[in-house]
Participant: 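Provided herewith is a single structure, encoded as C-alpha cells, for subsequent inquiry.
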Amino acid sequence: MCVTMGQFAARFYRGVFVSGGRSDTVKNRVCGLIAAMQSPHKSTNINPRTAAPPHHPSTSAPPRYEFIDFLDVGNTMTLTQEIANLTEDSGQDRPEDNVQIGSIQGTVVGLRYYTGTVNRGEMVALVRQPQNPYDRNAVMVANVYGSQVGHIKKELAAPMAYIMDNSLARVEGVVPYGETNKFSMPVNLTFWGKEENREAVHNQMRRHGFRLGTEIKGGTTQTSLGRNLLGLSSKISAIPLTVEELKNAFDKLFDDLMEDKTREMEPAKAVCTSLLPHQKQALSWMTSRENSNDLPPFWEEKSGFYFNVLTNFAVKERPEKVLGGILADDMGLGKTLTTIALIVSNFHNGKPLPLEQCILNCIFMYVDHEESHEAVSSSQLKRQHADGISADTIEEDVPQKKAKSTEQSAKKPANTKKGVVLLDDVDFAAALECSSSHVGPAKKSAKKGSGIGKVPSGGSVSSGAKATLIVCPLSVLSNWLDQFEQHIRADVTLKVYLYYGAERNRSVKLLSEQDVVLTTYNVLSSDFGNKSNSPLHKVKWLRVVLDEGHVIRNPNALQSKAILDLQSERRWILSGTPIQNSLKDLYMLLSFLKLKPFDVKEWWNRIIQRPVTMGDRVGLKNLQALVKGITLRRTKNSKVAGRTLVQLPERRVFMQHVTLSDEEREEYEQVKKEGRKIIGRYFEEGTFMTNYADVLAILVRLRQYCCHPSLVGKHTGGDVPGTPSELRERLINKITLVLNSGSDEECAICLDSLRQPVITYCAHVYCRPCICEVIRSEKEQARCPLCRAEIKTKELVEYPGEEKEAGPATGENWRSSSKVDALMSNLLKLRNEDPTVKSLVVSQFTRFMDLIEVPLREYGFSFTRLDGSMAQKARSKAIQDFQDSSPGSPTIMLLSLKAGGVGLNLTAASRVYLMDPAWNPAAEDQCVDRCHRLGQTRDVVITKFIVKDSVEENMVKIQKKKQELVDKAFGVKKSQDRKQSRIDEIRALMEI
DNA sequence: ACCGCCGGGTGCC
DNA sequence: ACCGCCGGGTGCC
C-alpha cells in the first residue's frame, strides 16, 4: 500500500487551493436571526429590531420560518443548539437537583404563526426569549425537532421567565393532547430543581395568580411511557432502582453487546490479514450499520408518519439515518484492523472501496482492454504511480515506509498467480472499474468502453463522498499507519493522507480525493479554532472514525465542538471505554452520531439522564435499548462458539523492594524533613492550594531521590519573584515540574489531561485552548478558575518543551543508585537466561531515563527510547525498531509513563520494569497493557521497584485505596472532592 | 376564536 | 347617550 504523507503531498499539490465550502445562504441568515432574537448573549450582525419580526403588523401575510431547514444546517447556530446551550450548564446529574417542585397546566398560544407541530403526549422544550420585542418575558415553545410551536401565554410567561432566568427551576413541557384548534393548545408544565428553591418557585407563581400542583390533574389516558414523560413515574410506576441496582445495571450497560451480532463477513481482497472470527463479526455488524435502512432507535413508522415512541414526536419525513455506531471492544481485540477492513470493504452500495492496483493492474488491464489498443504499459503505470509518490518529498517523513512499499510493489509483479486470482474476483474487478473516476487521464481513457465492470463507472456511487477521516490521539497515529501498511496488500494503492504537521496540505479537493485522511484531535481542533479556515470541516466525508472516541466526552472542550462540526455520512466511535466517568459521557457520543433527539442536551436529560439518575426503570430500559442498538462490545472474556475471543498469556506482577544506601538515606531524610516543614506551613496558613505547584515540587524531589540523587534539580520553592523575567523563569520551572511530576495533572477546565499546557501568573496550569476560551468569554474581568486571580492571555506562559538543561551528570562523574543497581542486576540476569526477551523500562522522569542509559550502554545493551518530547517520526522509528525481532534489534525500551497513552503496541516486550510508582494506578495498567495485549505470545512479568520506608511505599498504599474506590464506587468524584482527596493524598504521603 | 376584547353604531316598546 | 346593548373586526409574544 502506498502511504501519502502530509509533507510530500504538501509539495506535490502546492498552490492548488480549492475555495469550496458553504456559502452564506438565506437559510443560514434566518438561523442567525432566530439566534439573535433568542439569546442576548449571542452576537450577530442582524439587529432583531430592524429586521422586521415575521409577523409585524405591517406585514400582510403571516410569514413562516422554514424551521425544517434547521435540521440540516451543520454549523450555524440553530434553534436546536440554542436549546442545547440553555441546558448546558444546569446541574442535574444528581438526584437532589431533580426534585419535582410542581406542575401546572398552561397554554401555548400563537400556533398559527409557526410550523412546528406536536402530538398528544409529546414533549416540548421551553426556551426563554429575553430579546423578544413584544415581551421580554417571552417563553418560546419548540418541539423535539427544534421547530417553534408557539409561545407560553404572557401572564404565565411572566413568572416562568423569572424562575427560568434565576435558575430556580427547569421547566419541562408535555402537551397532553394535540391541537384542537389553530390558535392555542394546553401544555403540562413540570418544574424541576433543588428542594431549596421550592418555596421561591411556588411564591413567584402565586404572586402571578398561579398555583403549582403536585400532580397534573385531569390526566388523560397515559401509558406508562406517557407517565414517564410527565415525570410522574417516580411516584406512580414501580419502585425506583436502588443505588446498587443502578450501579450494576450501569456496569452491565456495555457488557457483551454481541447477541444477534454473530454473523461473519469476509473483508475485501485488499486486506491481506486474515480476520479472527470476532473481527469478521464486527465487520459484518459495522457494514450492516452503515448500509442499514432501518429507522434509528425508537422510531416507528405509523400510518405514513414517522413516530418517536419516546418523545411522541411524529414527522412526515423519514428521520435521518444513523449510519455507524460505537465499536466498544476491549483493547487488543483489533478495532483498528476491523476498521481498516470496513474502510476497504464497504464503500457505496455495499461494494468494496475501488482501489487502484499498482503494477498488477496492468496485467489485468492488458488482458481485458486488448481491443481498445490503449493498454497501459507497465512503465506508464509505474510512472503514474511515481507521480502519486513524488520521490523528492518522502524522505523527511517516514523514509523506511517508502523504502518498504516500493520494494514490495517491485517484487510482486513476478507473482503471476495473484493476477489470475484477480481475474476471477468479480468484486475486485468491479472495484477496479470504479477506480477510473479518480486515476490519471491515461488510465481513464483505457477504461472507457470497457465492458468488464458489472457496475457502470460512477453509477454505483450514491454520493460524492469518498474519503474516510480518522481522528485519533497523537500517540496512536503511527499505529494506524503501521496497521494500514501491515494489513493492506502491498500491491494496491490505498490513498492515505496524514493530515499532520506544519506542512499539511489544506486543499479541500486533495483531502476529498483521499481514501483515508488521518489526523489528530489536536490538529482538528487547532484548525477549527482558526474558524474560517478548517479544511477538514469543509470536506464532505464518507465516514468519520473517532479513535479513542471517549476523548470527546466533555462537550465544552474545543476538540469536542470541532468533532461535532464535521460533515459525514457515516460516523464511528472506537473506544474501549465508551463511558469513563458517568452516564453523561454517553451524551457526547450520541451527539456525535447525530442520534436524534439525544444529540440535544435537553432531550438527553429528560429522556435518559434524569430518569436514570433518579432510578427510573423505564429510563434505564430505554437507555439499555439505545446502547444496544448502536454498540458492539466484546471483552477479552467474551466467547465465540464457546471459546474466549483472545487468550492472552499470563501476566504476573512482582514488587521488588529497594533499600537505600546509607548515604542516599541520609540525603532523603534531609529533604523529607525540609519538605514537611514547608508543606506543614502551607497547611497552617491555609495557602496549600495557592502553593500547590511548590507542594508538587517537594513531592517530586522526594520521589526523585528514591530513584537517583542526581535527578533532583535545583531548589525552586519559596522564593519571592523579582523581575518579570525571573517570574517567567519561575513559572517555566513550575510548569515543567507539574508536567514532569507524573501525577497526571489535569486541566481544571476540561478535566482532561493537559493539552498545549500553559501556566498563569498565579501558577496554575491549564490547556491553552481551555483557558483562552475562559478569558475570551469573561472578557475584561477574566479570573483564574482555581484561585480567582486576574488573568490575561498575554500573561500565559507556555511550556517550553523538555529542555535538556544541565541535567544529571551522565558523563564522567556518573554514579549509580540503589534502584539503578536493582534494575541492572535484573536485566543482566535476564539476558543471561534468555537474550531474546525484550523489556520495557518505564519511568515518569525522563531524566531518570537519561541516567539509566549510561549503565545500559556500559553493559552493551541495545536499547531504544520513547518519551513525550520526541517528534512523531522519531516515535514511530523507536517503536518500529523495538518491535523488530531480528537479531541485534534493541532488547530494551526506555519508556516514559505518559508517552504512549492507550493504543500503543509494544508486544515485542514481555518484561516490564516500573521504576517509580505512579499516582494513578490506571496509568501503570495502561502502560503494561501496551505489551500485554493481542499479539503477545509470552507470559508477561512486571516488576515494580519500590524504595522501602519512603514516599513510594505510601504511594503504593494510595494506589491500592484508589483501586478499591474504582472497584466499588460508581463514577468518579466531582472536581471539588477530587481536589480534597488530592490534598489528603499529599498529607498521607508526607505523613503530616 | 363556537372565545374575550375593542371600539363604532346605536338607542322605548 | 357621561350609559348598556348589539354585532363586526380581530387575535402570540
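Chain letters run A, B, ... following the sequence lines, proteins first, then strands; residues in each count from 1.
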Participant: Just how far, in rounded Å, is P of dC13(C) from OH of Tyr113(A)?
Facilitator: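 Result: 10 Å.
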
Participant: Just how far is it from atom CD of Glu602(A) to atom CZ of Arg610(A), taken to the nearest 0.5 Å?
Facilitator: 10.0 Å

Participant: Within 45° of the axis and under 6.0 Å from the centre of the six-membered ring of Tyr587(A), does NZ or CZ of Lys601(A) qualify?
Facilitator: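 The answer is yes, since Lys601(A) meets both limits relative to Tyr587(A).
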
Participant: Confirm from the modelled atom types if Asp135(A) and dC13(C) form a donor-acceptor pair under 3.5 Å, side chain to base only.
Facilitator: no

Participant: Expressed in angstrom and rounded to an integer, what is the separation of Lys153(A) atom NZ from dC3(B) atom P?
Facilitator: 16 Å

Participant: Identify the two heavy atoms, one from Leu566(A) and one from Arg571(A), that lie closest to each other, and give their separation to 0.1 Å.
Facilitator: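 Distance-wise, the nearest heavy atoms are O-NH2, 3.4 Å.
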
Participant: Report the glycosidic orientation of dA1(C): syn if within 90° of 0, anti in every other case.
Facilitator: syn

Participant: Please report, rounded to the nearest Å, how far the C1' atom of dG11(C) is from the NZ atom of Lys154(A).
Facilitator: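 Whole-Å distance recorded here is 11 Å.
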
Participant: Could you go through the ring-ring contact (aromatic ring centres under 6.0 Å, His included) check for Phe307(A) and Phe313(A) one step at a time?
Facilitator: CA-CA 6 Å; Phe307(A) 186 73; Phe313(A) 183 69; 9.1 Å; no

Participant: More than 12 heavy atoms of other residues, nucleotides or ligands under 6.0 Å from CZ of Arg136(A): is that the case?
Facilitator: no

Participant: Below 4.0 angstrom, which residues in residues 156-167 of chain A have at least one non-hydrogen atom near DNA chain C?
Facilitator: none

Participant: Work out how far the C1' atom of dC6(C) is from that of dA1(C), and round it to whole angstrom.
Facilitator: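 After rounding to an integer number of Å, I get 15 Å for this pair.
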
Participant: Provide, to the nearest angstrom, the distance between the CD1 atom belonging to Ile152(A) and the P atom belonging to dC13(C).
Facilitator: 10 Å

Participant: Quick one: Glu155(A) CD to dG4(B) P, roughly how many Å, whole number?
Facilitator: 14 Å

Participant: In whole Å, what separates the C1' atom of dC2(B) from that of dC13(C)?
Facilitator: 25 Å

Participant: Taking the side chain of Phe183(A) as heavy atoms from C-beta outward, which of dA1(B), dG11(C), dC13(C) is closest to it?
Facilitator: dA1(B)

Participant: Only counting residues at least two apart or in another chain, list the ones meeting salt bridge (Lys or Arg N to Asp or Glu O under 4.0 Å) with Arg776(A).
Facilitator: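 Testing Arg776(A) for salt bridge (Lys or Arg N to Asp or Glu O under 4.0 Å), a comparison that skips the adjacent residues, returns Glu773(A).
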
Participant: Lys182(A) NZ to dA1(B) P: how many Å, rounded?
Facilitator: 9 Å

Participant: Specify the separation, in whole Å, of atom CG of Leu111(A) and atom P of dC3(B).
Facilitator: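 Going from CG in Leu111(A) over to P in dC3(B) covers 19 Å.
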
Participant: Below 3.5 Å, does any donor atom in the side chain of Tyr114(A) face an acceptor in the base of dC12(C), or the other way round?
Facilitator: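 Indeed there is one.
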
Participant: Which distance, rounded to the nearest 0.5 Å, do you find between the CD of Gln204(A) and the CG of Asn197(A)?
Facilitator: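 The CD atom of Gln204(A) sits 12.5 Å away from the CG atom of Asn197(A).
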
Participant: Starting at atom OH of Tyr134(A), determine the distance to atom C1' of dG11(C), rounded to an integer number of angstrom.
Facilitator: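 That distance rounds to 14 Å.
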
